[in-house]
Amino acid sequence: LHSPELRIAPLTHQIDNQPPPLAGFNAWKADPILRTAVTREGGAWIEAQAEALAYLIGGETMQESARLANEHPPELFTHDRQGHRIDQVRYHPAYHELMRTAFGAGLHALAWTAHQPGAFVARAALNYLWNQCENGTACPVTMTFASVPVLRHVPDLGAVWLPRILNSAYDPADLPVERKQGATVGMAMTEKQGGSDLRANTTQARADSGNRHLLTGHKWFCSVPMSDAFLTLAQRPEGLSCFFVPRILPDGKRNRIFIQRLKNKLGNRSNASAEIEYERAQGWLVGEPGRGIPTLIEMAHLTRFDIVVAVAGTMRAALTHAMHHARHRSAFGRKLAEQPLMRNVLADLALESRAATQMAFRLAGAFDRANDNEEEQALARLLTPIAKYWLCKRLPAFVAETLECLGGNGYVEDWPLARLYREAPLNGVWEGSGNVICLDVFRALEKAPGLLDAYWREIDPAAQKVPALATAVADLRRLLQDRPGEDQARRVTEQLALLMQGALLVLHDEAHAAEAFIRSRLRDEGGRAFGTLDSGADLGRLIEGSFEF
Ligand SMILES: Cc1cc2nc3c(=O)[nH]c(=O)nc-3n(C[C@H](O)[C@H](O)[C@H](O)COP(=O)(O)OP(=O)(O)OC[C@H]3O[C@@H](n4cnc5c(N)ncnc54)[C@H](O)[C@@H]3O)c2cc1C
């Protein structure tokens with residue numbers, strides 16, 4: 001009665017059966033699936049750094065920064081008080097703290113700077129962990145990471161920009177790049193009249209002096225508008241071309257890029273996404289004139305890869321919150337995690353997350369080995385859109401189910417699942433929406449049928465071991481032989497994804513997990529909710545085998 005709380009709270013106010021905060025949790029040490037996949041694919045050397053990052057992001061300070069950066073979204077200041085244009089987006093200090101941590105850990109650069117086998121896998125491990133902390137800052141990380149190969153093709157720009165881009169420093173100052181420690185790069189492609197069909201771009205580039213052009217037009221979506229430069233598509237007489245447009249010019253003046261407004265987004269709120277206008281903005285031609293889209297293809301390939309890893313990480317975050325809640329909350333006389341039907345839900349979610357992680361890290365390994373191995377190059381090309389499509393399709397349903405595990409708390413903004421739920425559909429929209437990605441799979445198969453050989457070579461050893469997988473493989477081969485039309489692109493891509501996930505589980509995971517996956521995902525015909533594994537599934541091993549608390 002003398003405790004301070006009881007003196008100020010009504011006597012009815014007793015807190016019971018509410019799970020403790022999930023703090024001090026190490027998402028690396030607790031994740032045997034991740035650690036095994038990273039080791040298998042050659043990235044085990046990242047262990048100490050991954051453990052340290054996981055420790056940071058599992059701590060209350062970083063979780064609070066993630067919350068604050070999303071609850072206090074960026075604000076646009078177009079003018080100063082005297083009426084001069086300033087085009088500044090101002091962020092909550094928590095956003096800058098997150099950016100400093102992410103860029104400081106080399107999340108945007110490690111794959112290029114590590115110079116040792118497994119660099120893509122190791123960086124993917126950090127990215128997977130980061131997406132368990134805050135997703136908005138993953139956008140500048142990914143775009144900056146993916147800009148590197150483009151800039152490597154342009155020696156004079158690369159000489160100035162790459163040392164800053166590759167540096168493990170976050171430097172938000174409005175200064176010419178020569179005077180900065182670090183630099184970030186954004187992308188300005190989408191216009192009002194078309195995002196998937198970029199050929200519809202109307203922004204014009206007029207030759208000015210040497211390689212320099214003056215760009216005039218609008219961009220309907222431009223995320224991270226405080227980036228130091230934007231890879232931009234604009235029309236030249238030869239057709240759509242790629243330009244590098246710095247925000248601050250070498251003489252310290254602002255380039256003529258005007259931010260019209262910020263998008264009021266469903267989620268991803270810590271990250272600003274703007275509508276911008278170029279009015280004779282200075283941009284330097286990158287690649288050949290008229291070859292803008294091919295110039296940016298490599299970048300798009302890398303951003304899609306990053307999304308695959310980010311989605312797998314986000315699934316794991318949602319699963320962790322659901323597991324934590326179920327282990328601490330009781331209903332009807334026992335912990336939720338002990339209720340048979342909740343165990344089916346948790347096991348099914350754990351299985352989905354496991355299959356996503358296996359696919360993401362197999363893909364990361366393929367990127368690592370692609371330079372000197374044609375098979376791996378082919379696999380990276382084909383598996384990127386396959387995995388991007390399927391994991392992005394699964395994420396919203398996955399997060400919704402984990403949210404439901406928390407009951408009413410899951411729907412309240414005080415818990416992180418509400419934020420993850422609003423975040424979930426975005427990955428399926430940007431960097432190629434679902435249909436566009438599936439059509440890319442078809443285009444790739446049509447242009448280079450050899451890609452499919454690399455895919456089958458990965459699957460076949462697993463199909464030889466598991467008759468049910470072999471049957472599904474035979475069905476898909478038949479479907480492909482009939483040269484299905486565009487309207488079948490989702491059906492085919494989904495099946496390509498499921499077979500790959502099944503095969504990876506057979507080859508690299510425990511037999512019971514592979515069996516449960518194949519029985520539930522490859523034999524059933526659609527329409528399933530999570531929590532519908534059949535009675536042969538080993539729920540205990542699926543749940544407990546996914547976490548080392
Ligand atoms: C939060 C956010 C941030 C973004 N940031 C950036 C950024 O920084 N830079 C940038 O350039 N863009 C950015 N975008 C834009 C994004 O890349 C586009 O929205 C996306 O590419 C889709 O383009 P669209 O909106 O014009 O839709 P549309 O191209 O009109 O597509 C609408 C739908 O039609 C489907 N579709 C298109 N073509 C076909 C077809 N042939 N057959 C069947 N279906 C088809 C698509 O899959 C989609 O589902 C951002 C978007 C969001 C939501």
Side-chain angles (χ1 to χ4, degrees), residues 70 73-74 89 135-147 150 184-203 215 217-234 240 242-245 247 257 259-278 283 292-293 295-297 299-300 302-304 306-307 310 385 388-390 392-393 395-396 419 422-443 446 484-493:
N70 282 275
V89 178
N135 306 92
T137 42
C139 172
V141 162
T142 287
M143 292 196 294
T144 304
F145 155 70
S147 71
V150 181
T184 51
V185 178
M187 287 151 64
M189 300 180 301
T190 307
E191 297 189 2
K192 294 186 189 75
Q193 67 282 0
S196 308
D197 188 359
L198 293 169
R199 297 168 308 178
N201 270 200
T202 57
T203 298
L215 274 61
H218 80 277
K219 294 291 166 183
W220 185 231
F221 278 95
C222 176
S223 291
V224 204
M226 291 291 100
S227 295
D228 293 291
F230 306 94
L231 283 159
T232 302
L233 287 176
L240 201 58
C242 179
F243 296 88
F244 190 76
V245 182
R247 196 167 56 80
I257 305 170
I259 305 178
Q260 300 297 78
R261 59 175 170 167
L262 297 187
K263 300 287 192 187
N264 182 9
K265 296 179 290 185
L266 169 67
N268 199 251
R269 296 182 77 88
S270 64
N271 180 30
S273 300
E275 293 167 22
I276 62 170
E277 303 271 341
Y278 288 147
I293 293 177
T295 302
L296 289 184
I297 282 274
M299 183 172 187
L302 288 168
T303 54
R304 288 171 183 177
D306 244 31
I307 286 176
K388 182 344 177 142
Y389 170 72
W390 185 237
C392 290
K393 275 286 156 271
L395 185 65
R419 192 172 85 227
R422 286 186 281 100
E423 190 71 33
L426 177 56
N427 290 299
V429 173
W430 62 11
E431 297 309 316
S433 310
N435 289 353
V436 169
I437 293 289
C438 292
L439 293 174
D440 181 52
V441 171
F442 265 32
R443 211 173 14 256
E446 202 172 295
E486 258 187 31
D487 64 314
Q488 294 300 300
R490 278 185 180 229
R491 194 177 167 80
V492 169
T493 307

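Just follow the structure's listing: the first ligand is 1, and inside any ligand the first atom is 1. One is the number of the first residue; the rest follow in order along the sequence.
At a heavy-atom distance under 4.0 Å, only side-chain atoms of Leu426, from C-beta outward, approach ligand 1. Of the heavy atoms in Asn268, none comes closer than 4.0 Å to ligand 1. In Ser273, the part holding a heavy atom less than 4.0 Å from any atom of ligand 1 is the side chain. If you look at Lys265 next to ligand 1, the close heavy atoms, those under 4.0 Å, all belong to the side chain.
Across the listed options Ser223, Gly195, Pro225, Ser223 owns the non-hydrogen atom lying nearest to atom 3 (C) of ligand 1. Evaluated by nearest non-hydrogen atom to atom 47 (O) of ligand 1, the leading choice among Ser433, Ser227, Ala489 is Ser433. With atom 27 (O) of ligand 1 as the reference point, the heavy atom nearest to it among Gly432, Cys222, Ser196 is part of Ser196.
For the pair Thr493 (side chain) and Arg490 (backbone), a donor-acceptor distance under 3.5 Å is absent. Side chain of Lys265 to backbone of Asn271: a donor-acceptor contact under 3.5 angstrom is found. A distance-only check finds a donor-acceptor pair linking the side chain of Thr232 to the backbone of Phe230 [under 3.5 Å]. Of the possible donor and acceptor atoms, none in the side chain of Arg247 sits under 3.5 Å from a partner among the backbone N and O of Ala229. Side-chain N or O atoms of Thr303 include one that pairs as donor or acceptor with a backbone N or O of Ala300 at under 3.5 Å. A donor-acceptor contact shorter than 3.5 Å links the side chain of Lys388 to the backbone of Gly432.
Side chains of Asn268 and Glu423: a donor on one and an acceptor on the other come within 3.5 Å. Using modelled atom types, one finds a donor on one side chain and an acceptor on the other under 3.5 Å when comparing Lys219 with Asn201.
The protein non-hydrogen atom at the shortest distance from atom 16 (C) of ligand 1 is Thr190 OG1, 3.8 Å. If you check which protein heavy atom lies closest to atom 6 (C) of ligand 1, you get Phe221 CB, 3.7 Å. With respect to atom 9 (N) of ligand 1, the closest heavy atom belonging to the protein is Met187 O, 2.8 Å. When hydrogens are left out, the protein atom nearest atom 38 (N) of ligand 1 is Val436 CG2, 4.0 Å; that is the closest non-hydrogen contact. Considering only non-hydrogen protein atoms, atom 43 (C) of ligand 1 sits nearest to Asn435 ND2, 3.5 Å.
In terms of polar-atom proximity, defined here as any N/O pair under 3.5 Å, Met189 does make such a contact with ligand 1.
At a distance under 4.0 Å, no protein heavy atom can be found next to atom 33 (C) of ligand 1. Within a 4.0 Å radius of atom 30 (O) of ligand 1, the protein contributes no non-hydrogen atoms. Atom 25 (O) of ligand 1 lies below 4.0 Å from none of the non-hydrogen atoms of the protein.
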What verdict does the side-chain contact (heavy atoms from CB on, under 4.5 Å) test give for Val224 and Met143, after you've listed the backbone C-alpha separation in whole Å, the side-chain angles of each residue and the deciding distance to 0.1 Å?
CA-CA 9 Å; Val224 204; Met143 292 196 294; 3.5 Å; yes
Verify salt bridge (charged side-chain N to carboxylate O under 4.0 Å, His left out) between Glu431 and Arg304, making sure each step is shown before the conclusion.
CA-CA 6 Å; Glu431 297 309 316; Arg304 288 171 183 177; 5.2 Å; no
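Counting atoms of ligand 1 from 1 in the listed order, those under 4.0 Å from a heavy atom of Val429 are 20 (C). Against a heavy-atom cut-off of under 4.0 Å, Leu439 is close to the following atoms of ligand 1: 40 (C), 41 (N), 42 (N). Contact atoms of ligand 1 toward Gly194: 26 (O) (distance under 4.0 Å to a heavy atom of the residue).
Note that the CG atom of Leu395 and the CD1 atom of Ile307 stand 11.0 Å from one another [nearest 0.5 Å]. To the nearest 0.5 Å, the span separating OG1 on Thr144 from CE on Met187 amounts to 11.0 Å.
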